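Data first, discussion second: the structure below is written as structure tokens.
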Amino acid sequence: MEKLKKILIMVLLLMLPYHHQIIYILMSDFEVVRFWKEFVIIVLVFITFLQIITGKKKVTISLFEILLLAFMAVVFVYVCAADSKYQALYISRTYFIPMFLVPVIKYTDITKNELKKALYIVMANTIVICIWGIVQAQFLGDEFLVNLGYGTQRVRHMIKLKNEFYILGGGFMQRVASTFAAPNTCGMYLAIVIVIIVFMYKDMNINKVYVYITLFISAVTLVLTFSRTSWIACFAALMVHFNMFVKWDKKTWKKVILCTVSAGVLIIIADIFIIRSGIIMAGCKLITNTVTGQDSSLIGHFNSWCESVIRIFRHPLGLGLGNNGPRAMRFLKKPNLTESSYFLMAYEVGIPGAAIYFSSYIIATLDNIRLYKNTGNKKVLAILSVLIIMYLGYLSLPFIQDFELLVLMYIIVALQYNRLSADNPAGERIVV
């Protein structure tokens with residue numbers, strides 16, 4: 001049973017990044033296959049339940065889990081009140097199904113060696129995702145995704161990908177989306193993987209060459225997603241690491257300057273001799289427009305926030321579960337859209353429901369800080385770094401509906417509640 005759980009968890013981690021391109025796009029005629037991930041999670045929950053009722057696992061409950069249960073109860077009420085029960089349930093599953101992974105991870109005997117192997121495999125998988133993303137965007141071009149069946153628009157009698165796939169819109173330069181539904185999702189996924197590697201590789205004793213290769217390829221791909229939200233979130237999360245782990249002396253500053261210069265030279269070489277697609281010019285233009293406030297995307301974020309605030313206070317109990325966000329476009333031509341995950345959740349389950357949901361994040365954060373203070377072990381802050389990424393990402397984009405990101409986040413956050421490791425018979429958490 002325990003071995004099967006671990007295999008299924010790894011299957012989930014490795015296959016989720018490919019879900020949109022392989023399952024949703026290439027196998028679109030077989031709609032039932034889209035629910036493979038939910039099926040895997042339900043099987044994991046069933047196995048965990050059997051272990052609990054047979055006495056193999058001792059049950060404890062945290063405030064974090066109580067809040068998740070409270071949110072599920074709110075969702076149940078809103079589904080029952082929805083005009084379209086199926087539509088509400090279809091959308092809401094994205095919110096609550098990943099939550100089931102918390103008890104699954106909490107009640108799994110994870111050894112340090114197993115965690116190390118899992119990180120090795122995830123790193124290898126990330127390299128594949130990154131290389132494919134760069135090859136697709138820089139060499140195969142946008143026609144490849146158009147032919148696959150990604151979202152398109154008509155521009156001057158030409159069929160192009162939606163604007164979100166191009167930097168500054170209008171087809172200026174294709175952003176790397178890899179196997180994900182959008183470049184921003186790809187960027188956030190890479191941001192999470194990068195900070196986890198940076199925080200954990202020393203304690204896991206992972207080969208430094210392998211780490212540097214993975215980080216370099218991931219960082220390059222993250223840049224090529226041109227997701228400013230992901231850039232900022234990743235930078236903010238890494239600052240936790242630098243402030244806690246790094247001693248800022250002359251030697252450190254020399255390394256930082258050397259790495260920065262080397263990265264700049266490599267980007268210039270790639271831009272001129274390999275990719276030849278104007279990466280530097282595109283990046284400079286994006287940053288300039290952002291700073292000067294001329295970027296239409298930035299203006300769109302601001303306008304969306306203003307409109308969302310007004311709408312939320314007019315409808316404090318929400319706009320009807322299942323009628324909001326990009327996922328609702330499956331059912332509605334004009335769903336209620338907003339640029340922020342915080343506002344989107346308020347649209348779905350009202351201000352009280354959103355407060356319950358995001359309170360769980362706050363409690364998980366406080367638990368992590370308390371864990372660090374009690375143990376003095378800095379590597380537990382890897383979980384805090386992931387939460388920081390989600391906090392910032394939620395500000396400007398509806399990531400709350402991205403199943404891949406939520407699964408990854410809940411798996412990582414649940415590690416701090418794991419007290420059942422075979423390496424820790426005294427009941428210590430696996431991450432300590």
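For the single chain, residues carry numbers from 1 onward in sequence order. Keep in mind the model is a prediction, meaning the values are calculated, not measured.
- To the nearest 0.5 Å, the span separating CD on Glu307 from CG on Asn336 amounts to 11.5 Å.
- Shown here are the side-chain hydrogen bond (donor to acceptor under 3.5 Å, both in side chains) partners of Asn323, two or more places apart in sequence or in another chain: Gln87.
- With sequence neighbours excluded, the residues forming a side-chain hydrogen bond (donor to acceptor under 3.5 Å, both in side chains) with Asn368 are Gln416, listed by chain and number.
- Scored by the ring-ring contact (aromatic ring centres under 6.0 Å, His included) test, Tyr150 finds His20, Phe165 as partners (sequence neighbours excluded).
- Taking the side chain as every heavy atom from C-beta outward, Leu161 and Val146 approach each other to under 4.5 Å.
- Under the ring-ring contact (aromatic ring centres under 6.0 Å, His included) criterion, Tyr212 pairs with no residue at all, not counting sequence neighbours.
- By the side-chain contact (heavy atoms from CB on, under 4.5 Å) test, Leu14 pairs with Met10, Ile121, Asn125, sequence neighbours left out.
- Ser62 is linked by a side-chain hydrogen bond (donor to acceptor under 3.5 Å, both in side chains) to Glu65, counting only residues two or more places apart in sequence or in another chain.
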Can you give the donor-acceptor pairs under 3.5 Å from side chains of residues 186-195 to other protein atoms, not counting sequence neighbours?
none

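- Classification of Arg175 and Asp142 as a salt-bridged pair fails, no side-chain N sitting under 4.0 Å from a carboxylate O.
- Partners of Thr221 by side-chain hydrogen bond (donor to acceptor under 3.5 Å, both in side chains), not counting sequence neighbours: none found.
- Using a 4.0 Å cut-off between charged nitrogen and carboxylate oxygen, Glu114 and Lys5 do not count as a salt-bridge pair.
- Every residue two or more places apart in sequence or in another chain that forms a side-chain contact (heavy atoms from CB on, under 4.5 Å) with Tyr210 is listed here: Tyr120, Met123, Ala124, Ile127, Ile206, Asn207, Thr214.
- Among residues two or more places apart in sequence or in another chain, the ring-ring contact (aromatic ring centres under 6.0 Å, His included) test is passed with Tyr361 by Tyr357, Phe358, Tyr394.
- Checking side-chain atoms of Lys202 against main-chain N and O of Phe199 turns up no donor-acceptor pair under 3.5 Å.
- Annotation: side-chain contact (heavy atoms from CB on, under 4.5 Å) contacts of Val32 (sequence neighbours excluded): none.
- Ring planes of Phe331 and Tyr86: perpendicular class, angle over 60° (limits at 30 and 60°).
- Considering only heavy atoms from C-beta on, Ser92 comes within 4.5 Å of Val79 through its side chain.
- Shown here are the side-chain contact (heavy atoms from CB on, under 4.5 Å) partners of Glu38, two or more places apart in sequence or in another chain: Phe35, Arg93, Ile97, Phe403.
- Going from atom CD1 of Ile356 over to atom CG of Leu68 covers 11.0 Å, rounded to the nearest 0.5 Å.
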